[in-house]
Structure formats: structure tokens, C-alpha cells
Amino acid sequence: MTVRSEFLRRMVERGFLHQATDLAALDDRFAQHRVVAYIGFDCTAPSLHVGSLLMIMVLRHLQQTGHRPIVLMGGGTTKVGDPSFRDDARPILSEAEIAANMAGIKQVFARFLTFGEGSSEAAMVDNAEWLDSLRYLPFLRDYGRHFSVNRMLAFESVKQRLERDQPLSFLEFNYMILQAYDFVELARRYGCTLQIGGSDQWGNIVNGVELGRRTANLELFGLTCPLITTASGAKMGKTAAGAVWLNAEMRSSYDYWQFWRNTEDRDVGRFLRLFTDLPIAEIERLEALRDAELNEAKKVLANEATRLCHGVTAAERAAETARRTFEQRTIGGDLPTLAVERADLERGLPAFELFLKSGLASSGGEARRLIRNGGARLNGRAVTDEKLSITVADIDAEGTIQLSAGKKRHALVRVR
């Protein structure tokens with residue numbers, strides 16, 4: 001169907017829309033009213049990664065089109081853990097760990113959203129505000145009776161877990177009830193009428209829509225976005241060096257820029273639509289480029305994505321470092337850096353250890369394989385012996401050692 005509202009039009013033309021509970025009615029709501037919508041983020045790590053960026057961009061478009069986004073932090077639900085499409089239970093985190101993770105996650109949203117009390121300003125809410133104070137028996141009586149165990153067992157995420165004979169704890173089984181209750185509570189407190197999530201959350205979202213109707217006669221809506229994989233089938237945000245974190249202290253702005261610069265050719269246009277603010281006409285021009293010219297489109301993608309997440313200055317520095325490193329064959333100043341003591345180099349440090357500590361490999365085994373397979377370079381020279389020791393003899397005139405993994409990933413070792 002053709003949508004009328006600006007927000008849903010963006011969702012369709014940029015590739016965000018996967019499913020909606022009642023698309024025609026939701027389109028009317030967006031066309032006629034200011035809509036309050038939310039997305040939940042559990043606090044399982046001290047930063048979100050690129051896999052969550054799609055949801056953040058949806059909230060950004062929501063605000064840009066005059067509606068109000070709610071960022072729901074899962075201070076309560078993280079204590080349970082979302083079992084959706086997992087092979088095992090999430091580790092149980094302490095309240096102190098959850099609070100520390102939440103503090104780290106909050107940092108990234110200020111880059112993408114404007115927070116405040118205005119009608120279209122974003123709100124950040126912690127579901128521990130109501131979940132921590134629930135009385136168990138009244139909650140089961142008032143809300144648990146609306147959930148069919150038969151239907152919950154039929155959800156694909158649950159079926160896959162059971163078919164693999166992986167245990168599903170009663171604690172995890174409660175998660176979908178709590179998520180549905182979150183939606184009802186946000187509707188009461190903030191007038192929220194739309195929950196948005198990834199397509200793997202469809203069952204949980206529908207539960208919330210139905211719970212609102214049954215318990216409070218609320219008209220609520222659900223919308224999901226596709227789960228993003230690369231053209232080659234890889235999970236979005238996963239690399240050989242680990243997750244692509246959004247917080248700068250967990251992944252440098254240079255590494256973040258490089259992640260986008262290394263986008264597969266077939267993904268450039270799609271990622272420009274999903275992860276930048278560029279107008280569609282400009283994106284169509286860029287994705288029409290071919291062969292070597294497509295590299296310019298990749299640089300635009302890297303610049304725009306890094307600008308949004310890390311700021312203009314960080315994006316410009318990352319681009320300049322890449323230009324100096326790859327085009328001028330000099331060492332860019334914004335490369336990831338590892339500091340080592342001169343005394344350690346005088347004794348000699350295993351090459352695989354420095355590749356690991358610099359972030360060019362995610363494990364010692366991966367670092368050794370990198371060397372054995374000919375992908376490791378030391379000051380531009382191939383490293384072929386995984387037992388090689390790096391010593392003071394490898395320090396250049398500027399007091400550094402350059403490490404490379406393949407042609408596109410580099411790090412500096414600075415000697416103290």
C-alpha cells in the first residue's frame with residue numbers, strides 16, 4: 001500500500017519497514033496525530049554495537065518527522081534476560097553491573113536524539129521504575145492470566161530453543177510477559193501507542209498490543225524492522241576483531257570509520273539509506289557509481305556514519321588518517337595505538353601477542369593464524385614466523401612500530 005505519513009514513507013523508502021500490526025490504521029495515526037513510540041534496549045554490555053544502530057536510526061527519523069521517541073532502558077528486564085533466538089541463557093548480572101552498563105549505553109543516544117520535555121523531544125526511561133516494585137501474585141492474577149502457555153510455546157524463538165534441547169528457564173519465560181507489560185505501562189504514563197523492534201521481536205510486540213487491548217482497552221500498534229545482514233550473509237556489526245561498538249572508548253573512531261569504509265560493494269546503497277541522513281536523491285547518485293568510483297561512495301558512508309556516532313571532528317580525523325595511511329603511505333596520527341615499555345622490547349615480545357593486544361586479532365589463536373596465513377605485516381614487511389619476537393630493532397625513527405592485518409587494518413605500537 002501507499003503510505004501518506006512522512007515517518008512511514010521514510011521507513012518504506014529507506015528499507016526499515018518489515019511488519020506492522022495494522023499498517024493502514026498506523027499510517028492514519030501518524031498522518032493525523034503526534035505519535036509517541038518506544039524501542040527497548042537491555043543493558044547487557046557497557047555499549048551498544050552496530051547491530052543496534054538500525055533501531056537508533058528509526059528513533060532519529062521518528063523525531064525528525066515531529067513525533068516523540070522513548071528510549072526504554074531495560075534496568076528491570078536485564079535482570080531476566082531476553083531468550084529470543086538464543087541457544088542459552090544470558091549471564092545473570094548484578095544491579096551494579098546493570099547500572100554501569102546503562103551509564104555506558106546512555107552516552108551514545110545524545111549523538112542521535114534531542115532529549116527534553118517538549119512534545120517531540122526524546123525521553124529516556126528505565127523500566128525498573130515499575131518492574132522493581134511489582135507484587136508477584138497480583139501481577140500474575142492481573143496480567144499473567146492473559147497469556148496462553150500454548151501460544152508462547154509456539155513462538156519461533158521458543159520452538160527453536162526447545163527443538164535443540166536447550167533449557168529455557170522459568171525466569172526467561174517471564175521475559176515476554178514483562179515486555180508486554182512495559183508497553184502497557186508506557187501507554188499509561190506517556191501516551192505511547194507504538195512499539196518498534198527487530199523482526200525477531202514480533203511475537204513479544206504483538207503480546208503487548210493485545211495486553212493493552214485486553215486490560216485497558218488501549219489501541220496500540222507494533223512495527224518491526226528487518227534483521228540486517230551483509231550481502232555475504234554475515235551478521236551486522238560482527239568482524240574478525242569482535243563487535244563494532246558505538247562507544248569510542250570501546251572502538252576508536254578510526255576503527256569505526258574503517259568498518260564502514262570496508263562495506264561490501266552490494267551493501268553501499270542499502271547502508272547509505274539505513275545509516276545516514278543523506279537525501280535519497282544523493283544516495284541514488286552514489287550507489288550508481290561503479291568500479292573504483294564506488295570507493296568514493298564508501299568514503300561518504302564512512303564519513304556520514306562516523307559523524308553521526310562520534311561527531312564531525314572525529315570523522316574528519318579518521319578520514320585524514322585513512323588518507324595518509326592508504327593514499328600517501330604514511331602513518332596517520334589517529335590509528336589505534338598500543339603503548340609498550342622499552343624494557344619489554346629489549347627482552348623481545350611475541351609478534352602474535354602484539355597483534356592481539358593492539359586489537360588486530362580477537363584471540364591468540366586468531367593472531368597466530370593471521371601470521372601463518374601471510375596476513376600480518378610489521379613496518380610494511382610480511383611476518384611469516386608466528387614465533388617471531390618484536391624487539392627494539394623494529395622501532396622506527398619516530399619511536400613507533402606499525403602493525404598491519406591485511407591491507408586495510410593497521411595499528412601503532414608506541415614505545416615508552
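Being a predicted model, the structure only gives us computed values, none of them experimental. In this chain, residues are counted from 1 in sequence order. Values below: all heavy atoms of this structure, side chains included; hydrogens, waters and symmetry mates excluded.
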Quick one about [Y] and [X] (side-chain donor to acceptor, distance below 3.5 Å, no hydrogens or angles considered), yes or no?
| X | Y | value |
| --- | --- | --- |
| E6 | Q64 | no |
| Q179 | D182 | no |
| Y175 | D42 | yes |
| R34 | H67 | no |
| S5 | D27 | yes |
| H18 | S199 | no |

Looking at [Y] and [X], is any side-chain nitrogen of the basic one under 4.0 Å from a carboxylate oxygen of the acidic one?
| X | Y | result |
| --- | --- | --- |
| R273 | E13 | no |
| R270 | E287 | no |
| E320 | R317 | no |
| K298 | E264 | no |
| R189 | E129 | yes |

Between [X] and [Y], what is the shortest heavy-atom contact and its length?
| X | Y | value |
| --- | --- | --- |
| L218 | A187 | CD1-CB, 3.7 Å |
| A302 | W260 | CA-CB, 3.6 Å |
| G222 | V209 | N-CG2, 3.9 Å |
| L220 | G208 | CD1-O, 3.8 Å |

Query - Steps toward ring pair (Phe, Tyr, Trp, His ring centres under 6.0 Å) verdict (Y256, W245) - result: CA-CA 8 Å; Y256 190 78; W245 301 106; over 10 Å; no

Are the ring centres of F41 and F109 closer than 6.0 Å?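 When the ring centroids of F41 and F109 are compared, they turn out to be within the sub-6.0 Å range.
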
Q.
Exactly one of V58, L8, I39 should register a side chain to side chain contact (heavy atoms under 4.5 Å, CB included) with L223. Which one does?
A.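 Filter result, single survivor: L8.
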
Flag yes if more than 12 heavy atoms outside N217 fall under 6.0 Å of its CG atom; otherwise flag no.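 No.
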
